[in-house]
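Written below as structure tokens is the structure these notes are about.
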Amino acid sequence: MLFNSLSFVVFLIIILALYYSKLFNWTGKKRMLLFASYIFYGLWNPPLVILLWISTIVDWITGKKLAIEENKRKRILWLMLSMFVNLGFLGFFKYRDFLLDNFTTVLNTYGYGYQSTQMDIILPMGISFYTFQTMSYTIDMYLKRTERAKTFLDFALYVTFFPQLVAGPIVRAQDLITQFYEEKRATVNQFIWGFFLLTLGIFQKVVMADTLLSDTVDKVYSSDKILNFWDAWMGTLAFSGQIFFDFAGYSTCAIGIALMLGIILPDNFKYPYASLGFSDLWKRWHITLSSWLRDYLYIPLGGNRYGVVRMYSALMITMLLGGLWHGAAWTFIVWGGLHGTYLILERLQRQYIPFKITKWNGIFLAFTTFTCINITWVFFRAREFKTAWNLISSMFYFNPNGEKVLGSFDILKVGIIIGLLFLCHWFMRNTSVKAVSKKISPIALAVVWAVMLFLVTIAQGSGEQFIYFQF
Amino acid sequence: MDLKKTFIVTAILSIVAIGIWEYFWRSKGVYPTLDDNEALWAMQRYRVEKAPSYNMLLMGSSRVLFDIQLDEWEAEIGIRPIQLASVGSSPLPIFHDVVANTSFTGTIIVGVTPGLFFSTTSPDAQPWQWPQSKVDYYKKRTYAQISNHLLSLPLQKNLAFISDDQGIDGIKLKELVGKINIGNRVVDPMPPFHEFGEIAEDRNLKMKQITVTDTAYANSVIKVWQFFMKGAASGPPPDKNSTIDFFLNDLKVFEARGGQVILIRCPSSGSLRAGENMGIPRAAFWDDLVKQANVPSYHFEDYDNLKGLICPEESHLSAEDAQYFTTELVKIMKNDNTLINLKSNKHAL
């Protein structure tokens with residue numbers, strides 16, 4: 001079920017009515033939320049709920065064993081079981097065809113003439129998110145960093161909680177399970193603020209991403225021609241806006257819906273396009289994934305504890321795998337590799353050409369970072385390397401006579417939206433929507449909110465899927 | 001922070017703004033209509049799964065949608081056919097889907113619009129892609145999509161501003177923004193296109209009266225057909241052999257399990273008909289198809305009471321003429337014993 005759909009409106013109203021009714025005690029409400037979460041997921045593809053159940057049961061049993069088992073070897077075996085099941089699901093459903101394709105290519109390079117059979121396996125929605133979330137629980141249990149979930153119901157709800165089930169934020173056990181132990185009710189202010197965030201998220205998705213930017217992106221990235229400088233840049237800038245509004249929109253919706261239930265979810269985006277460098281970017285973009293990768297991949301790989309070479313290797317491996325997490329294609333790996341390279345170059349710069357960031361050079365640095373991010377988005381969005389190279393060469397002015405596919409208004413529209421987006425991120429980088437809303441009058445906030453609601457209504461989103469669902 | 005006050009003001013402002021928006025579009029002559037989208041098509045396709053053998057399916061392009069009126073068909077024969085035709089489409093992907101993926105053994109009426117039927121079997125070409133996307137949608141639709149569609153129907157039926165129309169008639173935000181044009185950096189060669197039909201929940205489609213009464217409106221649609229004809233003249237030639245072979249393969253399977261196929265050629269007129277005669281002449285295409293298929297077939301030009309019909313925009317009949325055409329066509333079929341009249345043959349049920 002999509003947040004930007006009529007079914008979800010009905011679903012949410014029913015859930016809220018049941019949640020705030022006196023029909024259930026707290027355990028009953030949690031059961032209702034769990035059942036609703038399975039409905040939320042199952043309305044897309046009922047049989048794939050079984051994967052959720054398997055993942056939940058395996059990690060619940062693993063967590064239970066790890067809580068009491070002291071034998072090191074057995075602890076590792078329990079952890080391996082959890083990793084095998086979760087990564088096995090990911091490997092089979094997400095990476096099987098990619099691995100098989102590459103295996104076939106390698107064999108055929110050596111003249112074996114091997115033919116593989118594509119299975120066209122359906123990718124379970126949000127599998128990358130919920131498997132990472134449940135793995136964080138078992139890894140934390142193994143490392144004794146978190147307490148075992150008190151009941152199976154609490155744990156199952158942690159794995160399946162519908163607001164963040166299919167596209168995050170990826171929440172750690174200690175941050176969410178503990179919230180289920182005591183009855184939660186949103187205060188009136190929390191409830192209304194949650195609804196405001198839900199509106200903001202839907203506005204970002206339906207109006208900004210789908211209505212104003214997606215067509216420009218599609219025109220540029222579906223073109224098989226060598227494009228003009230302006231078209232290549234505007235298509236890519238439009239994508240930078242589209243993916244931000246799409247994904248940040250989803251996270252904002254998730255946070256808002258959870259808040260309406262009295263549950264607090266962590267921030268996932270903090271004005272990333274005003275990042276001062278790439279370390280800063282990953283503290284602002286998809287924060288819950290980057291902190292997951294840091295804690296469960298980069299640090300176990302050695303982090304910065306074993307010298308420069310090991311640190312840079314760990315950094316690069318983390319980013320390459322981070323790229324692969326987003327999609328089973330070499331373009332995503334290149335995207336991750338570029339970010340790894342940026343992070344390494346940034347650390348070298350800090351070591352050899354350090355400079356102080358002031359308010360004067362800050363915006364220039366943010367703009368440079370944003371420009372470099374856009375180069376990486378080309379590989380993220382392009383389905384083939386040929387398209388990516390064509391666009392990159394056009395963006396670096398190698399094709400001054402390239403084809404024009406965008407009208408002047410498209411160029412102006414993207415320029416204004418992305419310009420405002422960048423400035424908005426710059427001015428908001430050290431504050432939050434909540435802090436700003438407290439500074440303005442309730443009427444002004446109401447006008448902004450009403451404008452968003454009105455635009456969402458007249459945009460009549462056709463229920464286009466969120467981009468990150470495919471990851 | 002007084003969020004209660006904010007919420008109340010937001011609710012009032014939003015309701016007022018949406019009310020004004022609805023009033024504005026109604027004052028411009030826009031009224032509530034349904035979208036002829038994949039979800040609406042899929043609801044009819046679902047009916048095929050349980051359709052008894054005395055049922056009838058309609059397939060083809062927009063000509064079958066406009067020209068065959070379900071009320072008149074039902075009045076003549078006693079059964080309301082399932083409308084599966086799709087605008088701008090070859091009937092072959094949908095015919096193939098029904099033959100390959102259902103056990104339907106009734107009658108299928110296949111409309112032959114020469115420029116589309118004989119166009120291609122390439123999955124990437126528009127006449128194939130459009131109907132195939134409907135078939136794929138049906139196969140993959142989720143329960144969430146079904147409930148979204150069912151929930152959207154009352155809104156579409158009651159609110160004028162809820163409309164998925166595209167291009168010049170589009171009123172959703174994306175379409176309104178898309179109409180803004182500055183300069184001529186990129187020129188869209190296609191003339192503006194009006195949505196000149198209105199569809200019902202069972203996909204019975206009627207031509208809007210403005211197409212009949214407003215010549216300028218009808219001419220703007222004719223310009224689009226001329227644009228497509230020019231494109232077809234400079235594009236690849238019709239792929240007659242592949243399309244006929246594809247059809248005959250499915251026909252063989254369908255007939256083997258007891259199904260019946262009837263081919264119909266709906267009217268076209270004016271310069272469009274002249275263009276069809278030049279590019280896809282009847283003798284070489286329609287007649288050859290009929291000969292090879294060896295099924296009952298009805299060409300509008302073969303009947304005195306049908307051949308004089310004039311299409312306001314050269315390709316489709318007005319609602320009134322479509323009612324006449326349907327009634328007369330079914331009468332002819334009944335006379336030929338091509339269709340079983342369920343009204344007079346209750347035992348057939």
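Each chain gets a letter, A, B and so on, in the order its sequence line appears, and its residues count up from 1.
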Specify which of B/Leu173, B/Leu176, B/Leu13 makes the most heavy-atom pairs with chain A at under 4.5 Å.
B/Leu173

Compare every heavy atom of B/Asn148 with every heavy atom of A/Leu6, then report the nearest pair and how far apart it is.
N-OD1, 3.5 Å

Might you work through the side chain to side chain contact (heavy atoms under 4.5 Å, CB included) test for A/Leu453 and B/Thr10, ending with a clear yes or no?
CA-CA 9 Å; A/Leu453 267 174; B/Thr10 302; 3.8 Å; yes

Output the option from A/Val405, A/Leu406, A/Val448 having the highest count of non-hydrogen pairs under 4.5 Å with chain B.
A/Leu406

Let me confirm one number: the OH-CE distance from B/Tyr143 to A/Met1, rounded to the nearest 0.5 Å.
13.0 Å

Quick check: are there more than 12 heavy atoms from other residues, nucleotides or ligands sitting under 6.0 Å from CZ of B/Phe227?
yes

Return yes when atom NZ of B/Lys139 has more than 12 non-hydrogen atoms of other residues, nucleotides or ligands closer than 6.0 Å, and no otherwise.
yes

Non-hydrogen contacts under 4.5 angstrom with chain A: give the residues of residues 18-38 of chain B involved, or none if there are none.
B/Ile18, B/Trp21

Could you state the interatomic distance from CG (A/Asp210) to NZ (B/Lys174), rounded to the nearest 0.5 Å?
6.5 Å

Can you tell which part of A/Val447 gets under 4.5 Å to a heavy atom of chain B, answering side chain, backbone, both or neither?
both

Applying a strict 4.5 Å limit to non-hydrogen atoms, the region of A/Leu212 in contact with chain B is side chain

Check whether A/Val9 gets within reach of chain B through its side chain, its backbone, both or neither, counting any heavy atom under 4.5 Å.
neither

Under the rule for salt bridge (charged side-chain N to carboxylate O under 4.0 Å, His left out), what residues qualify as partners of A/Lys404, not counting sequence neighbours?
none

Euclidean distance, B/Phe7 CZ relative to A/Phe191 CZ, rounded to 0.5 Å:
8.0 Å

Rounded at 0.5 Å granularity, tell me how far CD1 in B/Ile15 sits from CZ in A/Phe454.
13.5 Å

Kindly indicate whether the side chain of A/Phe409, heavy atoms from C-beta on, has any atom under 4.5 Å from the side chain of B/Val177.
yes

Would you say that more than 12 heavy atoms from the other residues, nucleotides or ligands in this model lie under 6.0 Å from the NZ of B/Lys157, or not?
yes

Examine whether an atom of B/Leu155 lies under 4.5 Å from a heavy atom of chain A, and if so say whether it belongs to the side chain, the backbone or both; otherwise answer neither.
side chain

Relative to chain B, which of A/Val188, A/Asp215, A/Ile443, A/Asn45 shows the most heavy atom pairs under 4.5 Å?
A/Asp215

Residues of residues 224-232 of chain A with a heavy atom under 4.5 Å from any heavy atom of chain B, in residue-number order, are A/Asn228, A/Trp230, A/Asp231

Taking all non-hydrogen atoms of both residues into account, name the closest pair between A/Ser7 and B/Ala144 and its distance.
OG-O, 3.3 Å

List the steps, then state whether side chain to side chain contact (heavy atoms under 4.5 Å, CB included) holds for B/Asp164 with A/Gln460.
CA-CA 8 Å; B/Asp164 207 27; A/Gln460 307 165 38; 5.7 Å; no

Return the CD1 to CD1 distance between B/Ile171 and A/Ile458, rounded to the nearest 0.5 Å.
9.5 Å

Counting heavy-atom pairs under 4.5 Å to chain A, which of B/Val9, B/Val187, B/Asn184, B/Leu151 comes out on top?
B/Leu151

Please report the interatomic distance OG(A/Ser441) to NZ(B/Lys5), rounded to the nearest 0.5 Å.
8.0 Å

Chain B contact via A/Leu455 - which portion, at a heavy-atom distance below 4.5 Å:
both

At a heavy-atom separation under 4.5 Å, does A/Phe196 approach chain B through its side chain, its backbone, both, or neither?
neither

Close approach to chain A in residues 88-97 of chain B, criterion heavy atom under 4.5 Å:
none

Under 4.5 Å between any side-chain heavy atoms of A/Pro442 and B/Leu3, yes or no?
no

A/Ile411 vs B/Arg185 side-chain heavy atoms within contact, under 4.5 Å:
yes

Steps toward side chain to side chain contact (heavy atoms under 4.5 Å, CB included) verdict (A/Thr457, B/Phe161):
CA-CA 9 Å; A/Thr457 309; B/Phe161 78 86; 3.7 Å; yes

